Amino acid sequence: MPLIIVLMGIILLLLLMMVVKLDAFFSLIITALFVGLLSGIPLLEIIHVICNGVGQTMGNIILILCFGAMLGKLIEHSGAAHAIVYKLTALFGLKKIQYAILITGFLVGLPMMYNASFLVLIPIIYTFASTTGLPLLYLGIPLAATLSIAHGYLPPHPAPTYVSFIYGADLNKTLLVGLVPVIPACLFAGIYLSKFFKHIKVSPPKNLFENKHIPEEKRPGLAISIFTAITPVILMLFGALIDIFIQTPPKGVQLDYMAISASFISIPLFNSVAGYLLTTLKFFSEPNMALLAAVLLGIYTLGIRRGETMGEIMKLLGKSVSAIGMIILIIGAGGAFSFILREGGVNEYIGQITANIQVNPLLLAFCTAAILRLAVGSATVATMTAAPIMLPIALSSGVSPELMVLATGSGSLLFSHFNDVGFWMFKEYFNVSIKQTFAIWTVMESIVGLVGLGACLLMDQFMGRIPAENIITALF
């Protein structure tokens, strides 16, 4: 029954948006109310769950969205995006520009959360499209694909990192195993898929991007443009390196970096300095703080340093946030819909079904995460929910825990639809229809997931259940 209720909710949402032409925000809220009633949630409790869903979703991403929009506007308005675009175009040429986007997206997306890295890079994609005349989707699909690949496959992203501890996998080995399907996934989901949609003519949403020519003499230098744009990447990379070399604890457990430094350094003064340095780096590597630091740096390097007043800059930043107001509401409503589905017991129902199925553990982990993704929307939630369900089967089967992490993460990327924040971000920022979002975003996510599964099954089949540290050696 829970899965039938999910299906009925999706059908209602489609009718409201595509037939009634109701805005996505209202459609999601109404559908959440409808699903809550069908799920047997008490009437007054439904309101509490919806508000909680909006609140928690916004609590997790509102600062990332706002700071990301501010940094993006500074990069666009100052001409930094133009400086980066012209340099990449000169290096790669227009025929290979998609590969430049893949490489840039992967390097930026590896340490950064999907939402944060998407918002940092989207003004550069807009500028690419406007200055080169290439179709926006031809450039945007490779970006979305490579960011999604890093998010679903690889530590230090939250879900792969967390389930590595659930399965008892080694983080460094998980990273190596996750790198194996990266290139084929980028090619299939990024390069090849984009060729089917480059004929679709779309433009950035109004007020989100202003196509204007900035003379070269008024643009910031290339070095300062790149440094400002990747400041959050650098900060988050420091945190990722700390997490890799100092083992990351499960979610909710805090490491004492002062104590950790004491175990490596015997000199008291160096020990104290190292402890404070590790703590400070971890603080600024948190996505919200990394983006805040980048915005503050951008205010100077891309604003004041170029002769703009603080009043002009603040007005520009205010305009950048107001431009994403409806996007914020839609994402919050998507969070409410997701919370209603979880409150209705979909997670527990799926767990009961899959616990008694006897199939390949990798395939079962993939399917469990995929069904949870369909039901609850969030890839992170789907991965973290599927792992505890699969743990007893994984332990008894002897399958590589690193492969289990990749299989679970790959499954969590399938079937993205209305209850996924990424679905709405792609739709709104690329200004495409619901039908086009399904055809592009949902298919792209599914390709990434299936390539990850294929890599898992091949590694398991051809190398047997060998230690993960030998996987890369065996491949090459």
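Keep in mind that this is a model prediction, so the values were computed, not measured.
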[X] atom [atom1]: more than 12 heavy-atom contacts under 6.0 Å:
X	atom1	value
Phe92	CZ	yes
Lys87	NZ	no
Ile183	CD1	no

Under 3.5 Å, is there a donor-acceptor pair between the side chain of [X] and the main chain of [Y]?
X	Y	value
His417	Phe438	no
Thr442	Ala439	no
Asn431	Ser203	yes
Ser148	Ala145	no
Ser412	Gly409	yes
Gln98	Tyr138	yes
Tyr153	Gly452	yes
Arg373	Leu414	yes
Ser410	Leu406	yes
Thr104	Ile101	no

Spacing of [atom1] belonging to [X] relative to [atom2] belonging to [Y], to within rounding of 0.5 Å:
X	Y	atom1	atom2	result
Met404	Tyr167	CE	OH	4.0 Å
Leu134	Leu139	CG	CG	5.0 Å
Glu402	Met459	CD	CE	10.5 Å
Cys456	Leu363	SG	CG	10.5 Å
Phe106	Leu179	CZ	CG	5.5 Å
Ile5	Ile340	CD1	CD1	11.0 Å

Using ring-ring contact (aromatic ring centres under 6.0 Å, His included) as the criterion, list what pairs up with Phe426, not counting sequence neighbours.
-> Phe430, Trp441
Could you pull out the closest heavy-atom pair between [X] and [Y], with the gap in Å?
X	Y	answer
Gly152	Pro160	O-CG, 3.7 Å
Thr408	Ala365	OG1-CB, 3.6 Å
Gly298	Leu74	C-CD1, 3.8 Å
Met444	Ile141	SD-O, 4.0 Å
Ala336	Ile29	CB-CD1, 4.5 Å
Thr146	Leu102	OG1-O, 3.3 Å

Ser433: partners by side chain to side chain contact (heavy atoms under 4.5 Å, CB included), with sequence neighbours left out |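 Ser433 satisfies side chain to side chain contact (heavy atoms under 4.5 Å, CB included) with Lys435, Gln436 only.
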Contacts of Ile447 meeting side chain to side chain contact (heavy atoms under 4.5 Å, CB included) (sequence neighbours excluded), chain-then-number -> Phe188, Ala189, Leu193, Val443, Val451
Close side-chain approach of [X] to [Y], heavy-atom, < 4.5 Å:
X	Y	answer
Leu458	Val180	no
Leu302	Ile75	yes
Ile224	Pro220	yes
Leu362	Leu457	yes
Ile371	Phe415	no
Ile125	Leu136	yes
Ser194	Leu137	no
Leu71	Phe67	no

Can Phe284 and Leu292 be said to form a side chain to side chain contact (heavy atoms under 4.5 Å, CB included), step by step?
-> CA-CA 9 Å; Phe284 281 103; Leu292 172 60; over 6 Å; no
Side chain to side chain contact (heavy atoms under 4.5 Å, CB included) evaluation trace for Phe128 with Leu94 = CA-CA 10 Å; Phe128 260 123; Leu94 286 182; over 6 Å; no
Compute the ring centroids of Phe118 and Tyr429, then answer whether they are less than 6.0 Å apart.
-> yes
Decide yes or no on side chain to side chain contact (heavy atoms under 4.5 Å, CB included) for Val54 and Met58, but give the supporting numbers first.
-> CA-CA 6 Å; Val54 173; Met58 289 295 97; 4.2 Å; yes
